[in-house]
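Following: one structure in structure tokens, then a few remarks.
Positions are given from 1 along the sequence.
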Amino acid sequence: MNWVLSLQSYYHRFMNHAFTAVVKGGFKSFGKRAILSHRYLELRGIGNISIGSMTYMAEGLYLCSWQGGEISIGDSCSFGAYNHITSSNKIHIGNGLLTGKWVTITDNSHGLSTMADMAKRPLERNIVSKGEVNIGDNVWIGDKVTILPGVHIGDGAVIGANAVVVKDVRPYTVVGGNPAKIIKEI
């Protein structure tokens, strides 16, 4: 039975490399030895997205640029399954990032908190950004974290599982909770 699992692993690795070879030319830039999983993937506006070298993005990735939003991802990053990264402004992710599964990083939302917008169905509202997202080098983001617009996360920070990050996180700080609060500073 182990040979079946090994064969499946080789098949998926082969398919990931083949898929990456087909789509990488559409990106603004695509680093050497970067790999996108071929399974359950949604890509939009990839001409505005840069991916660094040796970066891996697991299955279920939702990577979207709306209205010319920019996404830049550094070298040696590893994204867990079912991550959702969407920009209508700018998202910058440094080198060496590690995420868990089901992470959302967004710089936008559907509409403003005004009566005129709130009276509309969410899909009828304009996509708006309340600020860029900037994530430093060597950041670890746990499972099911949500990072909201306008947030800057410093180098070496750790974001605990299930956290909702609504404010800046200083370098080498551990945060967690909803909303995320400081647990430890190093």
Side-chain angles (χ1 to χ4, degrees), residues 16-17 19-111 123 125-159 163-169 171 180:
N16 290 347
H17 284 275
F19 176 77
T20 299
V22 169
V23 300
K24 70 181 183 180
F27 284 84
K28 183 174 182 180
S29 67
F30 199 90
K32 293 179 182 176
R33 296 176 57 199
I35 296 292
L36 298 172
S37 173
H38 71 286
R39 298 191 309 177
Y40 318 116
L41 184 73
E42 181 158 351
L43 302 171
R44 292 179 188 248
I46 63 175
N48 298 317
I49 301 172
S50 300
I51 297 178
S53 297
M54 296 178 23
T55 288
Y56 174 73
M57 297 184 158
E59 67 185 50
L61 176 69
Y62 185 88
L63 186 60
C64 296
S65 162
W66 304 105
Q67 303 166 342
E70 297 177 34
I71 299 173
S72 67
I73 297 169
D75 297 334
S76 302
C77 295
S78 182
F79 292 84
Y82 303 100
N83 279 211
H84 181 127
I85 304 168
T86 175
S87 173
S88 68
N89 185 350
K90 186 173 185 181
I91 294 175
H92 172 76
I93 296 171
N95 300 318
L97 175 82
L98 173 65
T99 77
K101 296 177 181 176
W102 301 102
V103 170
T104 298
I105 303 169
T106 184
D107 70 4
N108 61 80
S109 63
H110 289 274
L123 285 176
R125 300 174 193 164
N126 291 327
I127 293 176
V128 296
S129 177
K130 292 185 179 178
E132 299 177 1
V133 173
N134 192 324
I135 300 173
D137 294 338
N138 304 317
V139 172
W140 177 16
I141 300 173
D143 284 357
K144 300 178 185 167
V145 167
T146 298
I147 298 172
L148 294 176
V151 169
H152 294 243
I153 298 174
D155 293 348
V158 176
I159 314 299
V164 177
V165 184
V166 298
K167 292 187 209 173
D168 292 354
V169 177

Looking only at non-hydrogen atoms, find the nearest pair between C77 and G94 and report the distance. SG-O, 3.2 Å
Would the distance check show the side chain of T20 and the main-chain N or O of I35 forming a donor-acceptor pair, the cut-off being under 3.5 Å? no
Side chains of H152 and N134, heavy atoms from C-beta outward: is any pair under 4.5 Å? yes
Does any non-hydrogen side-chain atom of D168 lie less than 4.5 Å from one of I153? no
Any heavy-atom pair between the side chains of T104 and Y82 that's under 4.5 Å? no
Which residues satisfy the ring pair (Phe, Tyr, Trp, His ring centres under 6.0 Å) test with H110, sequence neighbours excluded? none
Under 3.5 Å, is there a donor-acceptor pair between the side chain of N83 and the main chain of L61? no
For the pair S65 (side chain) and N48 (backbone), establish whether a donor and an acceptor sit closer than 3.5 Å, ignoring hydrogens and angles. no
Would you check if the side chain of D75 reaches a backbone N or O of G52 as a donor-acceptor pair within less than 3.5 Å? no
If you take the centroid of each ring, where Trp contributes its six-membered ring, are H84 and Y62 closer together than 6.0 Å? yes
Could you check if a side-chain atom of L98 sits within less than 4.5 angstrom of a side-chain atom of W140, using non-hydrogen atoms only? yes
Does N126 reach the main-chain N or O of G111 with its side chain, forming a donor-acceptor pair under 3.5 Å? no
Would you name the heavy atoms of A180 and A163 that are closest together and state the gap between them? CB-CB, 4.3 Å
Test item: D137 side-chain N/O and L97 main-chain N/O as donor-acceptor pair under 3.5 Å: no
Ignoring hydrogens and angles, tell me if any N or O in the side chain of D107 forms a donor-acceptor pair with the backbone of V133 under 3.5 Å. no
Between the main-chain N or O of S129 and the side-chain N or O of N89, is there a donor-acceptor pair closer than 3.5 Å? no
With sequence neighbours left out, the residues meeting salt bridge (Lys or Arg N to Asp or Glu O under 4.0 Å) with E132 are none
All salt bridge (Lys or Arg N to Asp or Glu O under 4.0 Å) counterparts of R44, not counting sequence neighbours: E42
Of the non-hydrogen atoms in K144 and V103, which two are nearest, and what is the gap between them? N-CG2, 4.3 Å
Nearest heavy-atom approach of A58 to S37 is C-CB, 3.5 Å
